[in-house]
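One structure is given below, encoded as structure tokens.
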2 protein chains.
Amino acid sequence: MTEPLDPEMFDPLCPSDLMPIRVGDKWAGMIIRCLGHGPRRFSELRVPLRGITAKVLTQSLRALERDGLVARTVYAGPAQRVEYALTPLGRSLLGPLDVMCAWAEEHWDELLDAREASPAPGRAG
Amino acid sequence: MTEPLDPEMFDPLCPSDLMPIRVGDKWAGMIIRCLGHGPRRFSELRVPLRGITAKVLTQSLRALERDGLVARTVYAGPAQRVEYALTPLGRSLLGPLDVMCAWAEEHWDELLDAREASPAPGRAG
DNA sequence: CAGCATCCATTCGGATACTG
DNA sequence: CAGTATCCGAATGGATGCTG
């Protein structure tokens with residue numbers, strides 16, 4: 001569980017923009033899936049969540065804490081270290097999350113088709 | 001499938017505010033579940049979605065159409081009539097949606113507890 | 001490293017008024 | 001009935017700069 005997270009875990013080509021299902025805010029679902037691999041530090045999380053700013057990551061993490069899905073642990077020391085881990089409640093969400101991801105994968109093409117076939121308000125092409 | 005929707009289908013005490021899982025925008029999940037019972041007219045949908053304004057319902061419906069989850073049919077006549085129905089793709093979402101709702105029901109108490117136990121920033125009491 | 005404070009643009013949800 | 005148009009406030013998401 002200490003192996004590094006895949007930086008391409010959430011490819012920009014596969015954003016939740018298109019995803020009609022979301023968990024919490026824009027990042028919550030991704031964070032939970034990251035933590036599904038084991039506890040992670042603040043900066044570790046920033047890798048797969050490419051481009052997320054510290055403030056926004058903090059916000060999302062706080063919201064998850066508040067909902068009891070994530071636990072925050074501070075390890076004091078020469079270099080401060082903070083770890084985030086899923087609580088049992090948070091882990092219980094991994095199953096439903098998988099269902100959603102499976103749905104998305106299975107119907108990705110249809111989603112894409114529908115978007116392309118739609119009137120495309122605004123954008124040319 | 002023509003029986004009226006339960007106005008209390010989405011009780012205000014059970015809002016998606018607390019729900020960490022969402023489908024599309026604030027209303028999309030509820031709309032899809034409404035349409036899971038069969039096609040519905042614009043004004044029929046406004047009943048269980050208590051308080052939704054026409055504009056917001058239209059927006060949500062348009063977004064669902066664009067994603068190919070909902071189909072819109074106009075029946076011209078003395079009194080114009082518009083019906084919304086789930087597409088096959090939309091129906092395929094009902095299963096995952098059930099999973100999410102089941103999760104929420106099962107862990108509702110924990111969610112509530114976590115919220116109450118949290119520092120409660122801002123609000124008194 | 002792991003934040004917090006501040007400021008800012010965009011989006012979201014909604015109120016109100018009007019149309020065919 | 002089924003919307004459209006316009007205006008508005010609040011919440012989201014983010015950039016930048018600073019702190020222990």
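Convention: sequence-line order gives letters A, B, ...; per-chain numbering from 1.
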Verify same cluster id: B/Y84, B/Y75 (apolar side-chain graph, 4.5 Å)
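No: no chain of side-chain contacts under 4.5 Å links B/Y84 to B/Y75.
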Are B/L111 and A/L61 connected, step by step, through hydrophobic side chains (Ile, Leu, Val, Met, Phe, Trp, Tyr) whose heavy atoms are closer than 4.5 Å?
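Same cluster: B/L111 reaches A/L61 through Ile, Leu, Val, Met, Phe, Trp or Tyr contacts under 4.5 Å.
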Return the value, rounded to whole Å, for the distance between atom [atom1] of [X] and atom [atom2] of [N].
{"X": "A/K26", "N": "D/dA11", "atom1": "NZ", "atom2": "C1'", "answer": "15 Å"}
{"X": "B/D25", "N": "C/dT11", "atom1": "CG", "atom2": "P", "answer": "15 Å"}
{"X": "B/I52", "N": "C/dA15", "atom1": "CD1", "atom2": "P", "answer": "11 Å"}
{"X": "B/L49", "N": "C/dG13", "atom1": "CG", "atom2": "P", "answer": "12 Å"}
{"X": "B/R40", "N": "D/dC1", "atom1": "CZ", "atom2": "C1'", "answer": "17 Å"}
{"X": "B/Y75", "N": "D/dA2", "atom1": "OH", "atom2": "P", "answer": "12 Å"}
{"X": "B/R50", "N": "C/dG13", "atom1": "CZ", "atom2": "P", "answer": "19 Å"}
{"X": "A/L57", "N": "D/dG13", "atom1": "CG", "atom2": "P", "answer": "13 Å"}

Give, for atom [atom1] of [X] and atom [atom2] of [Y], the distance between the pair rounded to the nearest 0.5 Å.
{"X": "B/I32", "Y": "B/L93", "atom1": "CD1", "atom2": "CG", "result": "4.5 Å"}
{"X": "A/I21", "Y": "B/R22", "atom1": "CD1", "atom2": "CZ", "result": "13.0 Å"}
{"X": "A/L35", "Y": "A/L64", "atom1": "CG", "atom2": "CG", "result": "8.0 Å"}

Might you list the N or O atoms of the protein lying below 3.5 Å from N or O atoms in nucleotides 3-7 of chain C, with each pair's distance?
residue: C/dG3; atom: OP1; partner: A/R62; partner atom: NH2; Å: 3.4
residue: C/dG3; atom: OP1; partner: A/R72; partner atom: NE; Å: 3.3
residue: C/dG3; atom: OP1; partner: A/R72; partner atom: NH2; Å: 2.6
residue: C/dG3; atom: OP2; partner: A/Y84; partner atom: OH; Å: 2.5

Heavy-atom pair of closest approach, residues A/E110 and A/H107
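Minimum heavy-atom contact is OE2-ND1, 2.8 Å.
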Between D/dA15, C/dG13, D/dA2, spot the one nearest the side chain of B/R81, thanks.
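Nucleotide nearest to B/R81's side chain: D/dA2.
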Nearest to the side chain of B/S43, which nucleotide is it out of C/dG13, D/dG13, D/dC1?
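Per side-chain heavy atoms of B/S43, the pick is D/dC1.
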Can you spot which of A/R33, A/R91, A/H37 makes a side chain to side chain contact (heavy atoms under 4.5 Å, CB included) with A/L86?
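Of the listed options, the one satisfying the test is A/R91.
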OP1 or OP2 of D/dC1 less than 4.0 angstrom from a side-chain nitrogen or oxygen of B/R41, does that happen here?
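For B/R41, the contact criterion (side-chain N or O under 4.0 Å from OP1 or OP2 of D/dC1) is not met.
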